[in-house]
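Order of the sequence lines fixes the chain letters, A, B, ..., with proteins taken first and strands second; residue numbering starts at 1 for each chain. This one's a predicted model, so the numbers in the text were calculated from it and none came from an experiment.
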Amino acid sequence: MGKNKILCEIFSQIADALDFLGENPFKISAYRKASRVLEDYPTDVEEVYRGGGITALTSIPGIGAAMSKKIAEFLETGRMRKYEEVISQAPQDLLKLMDVQSIGPKTLKLAYDRLSVRSVQDFKRVLADGSLADLPGMGHKKVENIKDGLELYERMSERIPLGLAFPIVQETVREIEQLPQVKSISACGSFRRMKETVGDIDILCTGDGGDKIIDHFVHLPGITRILGAGETKGSVIFSDRYQMDLRVVPTGSYGAALQYFTGSKQHNIHLRTIAKGRGLKISEYGVFREEESVGGREEQDVYRVLGLRWIPPELREDLGEVEAAAADSLPQLIQSDDMKGDLHVHSRYSDGTVTLEELLDETRRRRYQYIAVCDHSRSAKYARGLEVETLMEKVENIRKLNEESKGAKLLAGTEVDILPNGSLDYPDEVLKELVFVIAAIHSWRKEEDVTHRILTAMESPLVHVIAHPTGRLISTRQAYQVDMDRVIEKAAQTETALEINAYYDRLDLSDTYVRRAKELGVKLAIGTDAHNIGQLWMIALGVGVARRGWCERPDVLNSWDYEQIIQWTRQKGQR
DNA sequence: GCCGTTTTCGGCCCGACTGTTTTCAGTCG
């Protein structure tokens with residue numbers, strides 16, 4: 001997988017550099033597209049190349065003859081001449097500024113040519129001393145906008161984890177939809193697509209009196225800065241951190257606008273290309289044949305006029321969903337309503353704050369059939385991992401509670417540590433007493449490749465799920481070294497499920513791996529990893545990841561009835 | 001640089017906004 005990411009980065013840098021150098025825009029977008037394709041490409045390009053050479057590489061969408069040669073060169077020699085050549089003409093440090101609002105390649109090139117600007121530092125200098133403002137085509141307002149952009153960039157350069165945006169969006173939507181003028185409202189953008197992180201938050205609504213709606217919006221509690229407020233668009237910073245935009249559009253184009261602002265950009269480009277071939281034009285105002293509107297009130301209109309099924313937002317990444325919609329073979333995606341339980345929750349026995357009784361109550365309150373109580377195992381001292389004796393006491397308590405409980409059940413489980421040699425932190429006779437065993441790596445040496453540990457753990461028939469398989473934390477920690485291709489293959493072979501850990505900072509497995517796992521028939525188990533009641537809602541984030549991974553009900557254990565889960569885990573134990 | 005039941009050459013998504021201009025370039029989503 002590593003090579004895909006590196007090539008993705010290389011092509012992206014080439015694109016930025018070519019942009020800076022004023023190359024043919026279509027060539028630039030070809031590199032951007034190739035970069036994007038590789039970012040999400042499910043197979044290691046190195047594997048593709050070893051298997052079928054340059055010809056095989058050209059079968060990757062967006063990769064043609066020229067780029068295949070460059071990829072091959074890189075794989076063979078570890079270098080790419082085109083990259084080196086282009087990079088030498090465009091200072092990397094400067095190109096970082098392309099991410100800043102109001103700064104683009106032309107501005108940078110201008111500063112480079114006329115003011116010998118070579119670095120971010122140089123750029124800040126010519127910004128401050130007024131020399132940039134004096135250049136032709138520039139001016140004081142432009143420079144002010146760039147200064148604002150730079151300030152915002154430095155404060156908010158990181159994307160926001162979806163789980164942090166979630167409550168903010170819910171609350172804001174609730175506030176706005178209460179206004180009498182508002183007819184329909186929806187979040188859009190990467191939030192609606194349930195991407196694991198979001199850049200800013202986009203909300204769209206339709207109604208009368210846009211200025212009143214916007215005015216209400218920009219004065220909501222928690223807003224710390226108003227960036228703009230007109231009749232159709234308001235833009236604010238919430239809590240000094242989150243940029244949030246609200247747009248008000250006419251009812252007749254609400255669907256088209258919703259589709260448009262939901263993206264992704266690549267998805268929309270694909271749709272527009274199809275539309276064009278049919279003599280149609282799609283914009284955020286609707287779908288048009290010549291000047292005549294042929295749809296746009298409902299989001300479905302946009303897809304319908306192209307002869308496509310409506311595509312769920314989570315799939316809109318131009319990763320095959322348009323083709324699937326055309327062939328009427330879109331997946332029946334799993335939904336939040338399908339969740340019959342949570343498959344990874346901690347209790348007070350280890351490092352959680354909740355009692356078994358409270359968890360059972362919560363199981364009922366959420367209309368679940370079950371919650372799997374998976375506390376840490378004895379080696380996890382930092383998390384108050386359970387000694388065997390305590391674990392057995394917990395199992396007995398769960399048995400009693402379940403006996404008295406109608407409907408809702410707790411699954412007696414553990415999140416057992418996978419030890420450095422791949423063995424498990426409890427002996428088999430202990431694990432046999434448990435209904436649901438998820439195994440996880442919690443400690444590893446720097447640079448250690450943990451693949452063999454996970455593969456070994458999956459060989460145990462007593463392990464049902466591998467929890468947070470890559471160990472990454474979205475905001476703070478890289479994944480450990482692990483060959484996920486082998487893990488997923490082994491999971492298929494041993495019928496071990498892989499977890500979609502739904503805790504907002506994990507979302508591990510991530511969507512790309514989920515999709516690959518699903519394709520190999522691997523089952524997924526969504527668990528919130530909640531340590532208190534207030535974290536159980538995150539199951540919604542896990543469902544989002546599953547949907548982005550094209551999962552249907554049979555793929556996800558949580559959609560199964562209690563009895564089915566029990567039967568499945570037993571079967572695995574008896575192999 | 002990519003791509004093809006309209007094309008192997010000539011296209012490549014589209015519109016708005018802003019600021020600088022006097023008809024348009026740059027940037028954004």
Requested in this report: Start with the C-alpha distance between Asn145(A) and Gln101(A), add both sets of side-chain angles, then the distance that settles side chain to side chain donor-acceptor pair (under 3.5 Å), and finish with yes or no.
Outcome: CA-CA 8 Å; Asn145(A) 287 341; Gln101(A) 292 260 345; over 6 Å; no
Query - Distance below 4.0 Å between Lys70(A) side-chain N/O and dG1(B) OP1 or OP2 - result: yes
Query raised in the report: Do the side-chain N or O atoms of Ser102(A) get closer than 4.0 angstrom to the phosphate oxygens (OP1, OP2) of dG26(B)?
Result: no
Requested in this report: Provide, to the nearest angstrom, the distance between the CD1 atom belonging to Ile71(A) and the P atom belonging to dG1(B).
Outcome: 13 Å
Query raised in the report: Relative to the 5' end of DNA chain B, which residue comes earlier, Phe261(A) or Ile282(A), by the nucleotide with the nearest heavy atom?
Result: Ile282(A)
Query raised in the report: Do the non-hydrogen side-chain atoms of Lys124(A) and Leu150(A) ever get within less than 4.5 Å of each other?
Result: yes
Report task. Identify the nucleotide, in any strand shown, that forms a Watson-Crick or G-U wobble pair with dC14(B), with both distances under 3.5 Å; if there is none, say none. Result -> dG29(B)
Query raised in the report: dC13(B) phosphate, OP1 or OP2: any side-chain N/O from Gln266(A) under 4.0 angstrom?
Result: no
Query - Residues in contact with DNA chain B, drawn from residues 83-94 of chain A - heavy-atom cutoff 4.0 Å - result: none
Query raised in the report: Counting distance only, does the side-chain N/O of Asn268(A) pair as donor-acceptor with the main-chain N or O of Lys265(A) below 3.5 Å?
Result: no
Query raised in the report: Within the modelled atom types, does a donor on one side and an acceptor on the other bring the side chain of Tyr260(A) and the base of dG29(B) under 3.5 Å apart?
Result: yes
**Report entry** Short N-O contact, Lys3(A) and Asp44(A), less than 4.0 angstrom
**Finding:** no
Report task. Taking only the side-chain nitrogens and oxygens of Lys276(A), find out if one of them lies under 4.0 Å from OP1 or OP2 of dG11(B). Result -> no
Requested in this report: Please tell me which of Leu280(A) and Lys141(A) maps to the more 5' nucleotide of DNA chain B, matching each residue to the nucleotide holding its nearest heavy atom.
Outcome: Leu280(A)
Report task. Starting at atom CG of Asn268(A), determine the distance to atom P of dC14(B), rounded to an integer number of angstrom. Result -> 12 Å
Query raised in the report: Can you tell me if CD on Gln121(A) sees more than 12 non-hydrogen neighbours from other groups inside 6.0 Å?
Result: no
Query raised in the report: Should the heavy atoms of other residues, nucleotides or ligands under 6.0 Å from NZ of Lys212(A) be counted, would the total exceed 12?
Result: no
**Report entry** Asn24(A) side-chain N/O to dG1(B) phosphate OP1/OP2 under 4.0 Å
**Finding:** no
Report summary line: Within residues 59-66 of chain A, the residues having a heavy atom closer than 4.0 Å to DNA chain B are Pro61(A), Gly62(A), Ile63(A), Gly64(A), Ala65(A), Ala66(A)
